[in-house]
Number of protein chains: 2
Amino acid sequence: MRELTQRQKDVATFISTFIKEHNYAPSVRDIADHFQFSVKAAHDHLKALEAKQVIKTKSGISRSIEVIGSEFFPREEMIQIPLIGSIAAGMPLMSEENTEYLLSIPATMLRNTRNTYFALRIRGESMIEEGIYDGDIAILRKCEVADTGDIVAATVGEEEMGITLKLYYPSNGNIELRPANSTMGPIITRSCKIHGKLHLLIRNYA
Amino acid sequence: MRELTQRQKDVATFISTFIKEHNYAPSVRDIADHFQFSVKAAHDHLKALEAKQVIKTKSGISRSIEVIGSEFFPREEMIQIPLIGSIAAGMPLMSEENTEYLLSIPATMLRNTRNTYFALRIRGESMIEEGIYDGDIAILRKCEVADTGDIVAATVGEEEMGITLKLYYPSNGNIELRPANSTMGPIITRSCKIHGKLHLLIRNYA
DNA sequence: TGTTTTACTATACAATTGTTGATGTTCTTT
DNA sequence: AAAGAACATCAACAATTGTATAGTAAAACA
């Protein structure tokens, strides 16, 4: 298998552009018309591009061309993340009904596509020395365990008390949830529920 | 015109889900098959949903249903923002050829859709006291003027010297570009070129 | 040199798909 | 009670669209 020819790149570019412009994929004839060649030529190009893993099509289904990742046409993989409320403001339930809206984050900015992520709005100044400010949006990876020093979203005691974002420091039996704010003391507890680890922070200036 | 009925919501949800799953819109028959009703029923639903501004279709073009904004199916408007390099690391040119990749940001997180935005990777500790850390990604709105106290990306003198992110403080004839780091001094200059204002900050923990 | 790949033309068939007419039921609103 | 909207069926037509056959020709490769 050789690499893409110029003509194939042109066709792939056209498809990619067409999808962005129209929100649906071109038909074989849309491609043929644009390049002023026959329907078969267009179809052959699609086969070639599919063999070279640039596009994917579903046989028999119209306008089903999908531009997939490749050296020449890197697809921007997006992950949808629900923003499920504010940290330390009641109880942001981990359910889809509580989703304020979905954030789209490029997969390249996250570690692993297969993990589940969720987002919370930061309230308060407890993590200010880590550069996490009131109003910031934290994107967390859902997980139950954390390593020492990780920034985690956790609930201590009753879930209704609300989630806190803190530094995780376990020490012989106890768990210390440290704020990054010298005016505040840590929460020391026997057990807490970890909801996720901080992976991304988004701040809005306006 | 009344609001959406439960059935119409179901149909709209199906379409929305189908598009996410398949990357192409359902045909009229895909909808009919799923709900076990006739093709005409599906088609009528599409007309109703279009009249109610929930979807948009192109007549005669297969699989051209597009779910648009509405009370019940708020469309997440995305803005593509080019990441054009690192701040204070050579010269990140404001051109599309220098785009490392495109970030997708929900429009709701930005002030104005019509503005031009670009992104830069932060290098150095000069804005650490504003909670802006090395490696953070700054999303800026392209503009030439700024207000006192704004965080701006600017170049002083030759453009090749590189862009800096600083606090903007003009004072009778001079322009002071203040770092947010007490160990560093401000840049005081007669003139500088402002490239944009900071609007969004993204930090990756991993 | 021969083989493979690329890049097409022209034509055609069949499946997919959008669209419509005629018609009826149920529910809500006036 | 009347009117309209919503929801539905069956059947049919026409346009769109994917796929294929039968070639031609040039370029790339081994």
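Numbers restart at 1 for each chain; the letters A, B, ... are given by sequence-line order, proteins then strands.
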Discussion item. In this structure, is the centre-to-centre distance between the rings of His195(A) and Phe118(A) below 6.0 Å?
Written reply: no

Fill in: Atom-to-atom span, NE2 of His34(B) to P of dA8(D) - whole angstrom
13 Å

Worksheet item: Between Ser27(A) and Asp44(B), which is nearer to the 5' end of DNA chain D once each is assigned its nearest nucleotide?
Response: Asp44(B)

Discussion item. Just to be sure I understand the rule, does Thr5(B) reach a base, reach only the sugar-phosphate, or reach nothing, if contact means heavy atoms closer than 4.0 Å?
Written reply: sugar-phosphate

Worksheet item: Is His43(A) near enough to dG18(D) that one of its side-chain N or O atoms lies under 4.0 angstrom from OP1 or OP2?
Response: no

Worksheet entry | Minimum-distance nucleotide (side-chain atoms of Ala41(A) versus dT19(D), dA22(C), dT9(C)) | dT9(C)

Worksheet item: What's the OH-P distance between Tyr24(A) and dG18(D), to the nearest Å?
Response: 13 Å

Worksheet item: How would you label the contact of Ile61(A) with the nucleic acid (heavy atoms, under 4.0 Å): base, sugar-phosphate, or nothing?
Response: sugar-phosphate

Discussion item. Using a 3.5 Å distance criterion without hydrogens, assess whether the side chain of Arg203(A) forms a donor-acceptor pair with backbone atoms of Gly131(B).
Written reply: yes

Discussion item. Can you tell me if Arg7(A) touches the phosphate of dC8(C), counting only side-chain N or O atoms and a distance under 4.0 Å to OP1 or OP2?
Written reply: yes

Item to complete: When you get a sec, tell me which of dA22(C), dG18(D), dG18(C) is the closest nucleotide to the side chain of Lys40(B)?
Response: dA22(C)

Practice prompt. Determine: side-chain N/O of Ser62(A) to OP1/OP2 of dT17(D), distance under 4.0 Å, yes or no.
Written response: no

Worksheet item: In whole angstrom, what separates Asp10(B)'s CG from dA6(D)'s P?
Response: 15 Å

Worksheet item: Is the Tyr205(A) to His199(B) ring centre distance short of 6.0 Å?
Response: no

Discussion item. In this structure, how many angstroms lie between the P atom of dA28(D) and the CG atom of Leu4(A), rounded?
Written reply: 16 Å

Discussion item. What is the distance, to the nearest angstrom, from the CG atom on Asp33(B) to the P atom on dT17(C)?
Written reply: 10 Å

Worksheet item: Can a side chain N or O of Lys47(A) be found less than 4.0 Å away from OP1 or OP2 on dC8(C)?
Response: no

Worksheet item: Between Glu50(A) (CD) and dG18(D) (P), how many Å, whole number?
Response: 13 Å

Worksheet item: Base, sugar-phosphate, or nothing for Gln6(A), non-hydrogen atoms under 4.0 angstrom?
Response: nothing

Item to complete: Could you check whether Ser59(A) gets within reach of a base, just the sugar-phosphate, or nothing at all, counting any heavy atom under 4.0 Å?
Response: sugar-phosphate

Worksheet item: Taking the side chain of Gln8(B) as heavy atoms from C-beta outward, which of dT6(C), dC7(D), dT21(D) is closest to it?
Response: dC7(D)

Worksheet entry | Ring centers of Tyr24(B), Tyr24(A) separated by less than 6.0 Å | no

Item to complete: Whole angstrom is fine here: how far is it from CG in Leu49(A) over to P in dG18(D)?
Response: 15 Å

Worksheet item: Any idea which of dG18(C), dA8(D), dA6(D) is nearest the His45(B) side chain?
Response: dA8(D)

Fill in: Among Phe35(A), Phe14(A), Phe37(A), ring-ring contact (aromatic ring centres under 6.0 Å, His included) partner for His45(A)
Phe37(A)

Worksheet item: Rounded to whole angstrom units, what separation is found between the CZ atom of Phe35(B) and the C1' atom of dA8(D)?
Response: 14 Å

Practice prompt. Determine, step by step, whether Ser27(B) and Asp30(B) satisfy the side chain to side chain donor-acceptor pair (under 3.5 Å) criterion, reporting the C-alpha distance in whole Å, the side-chain angles of both residues, the deciding distance to 0.1 Å, and the verdict.
Written response: CA-CA 5 Å; Ser27(B) 66; Asp30(B) 286 335; 3.2 Å; yes

Discussion item. Under 4.0 Å, counting only non-hydrogen atoms across every strand here, what does Arg29(A) touch: a base, just sugar-phosphate, or nothing?
Written reply: base

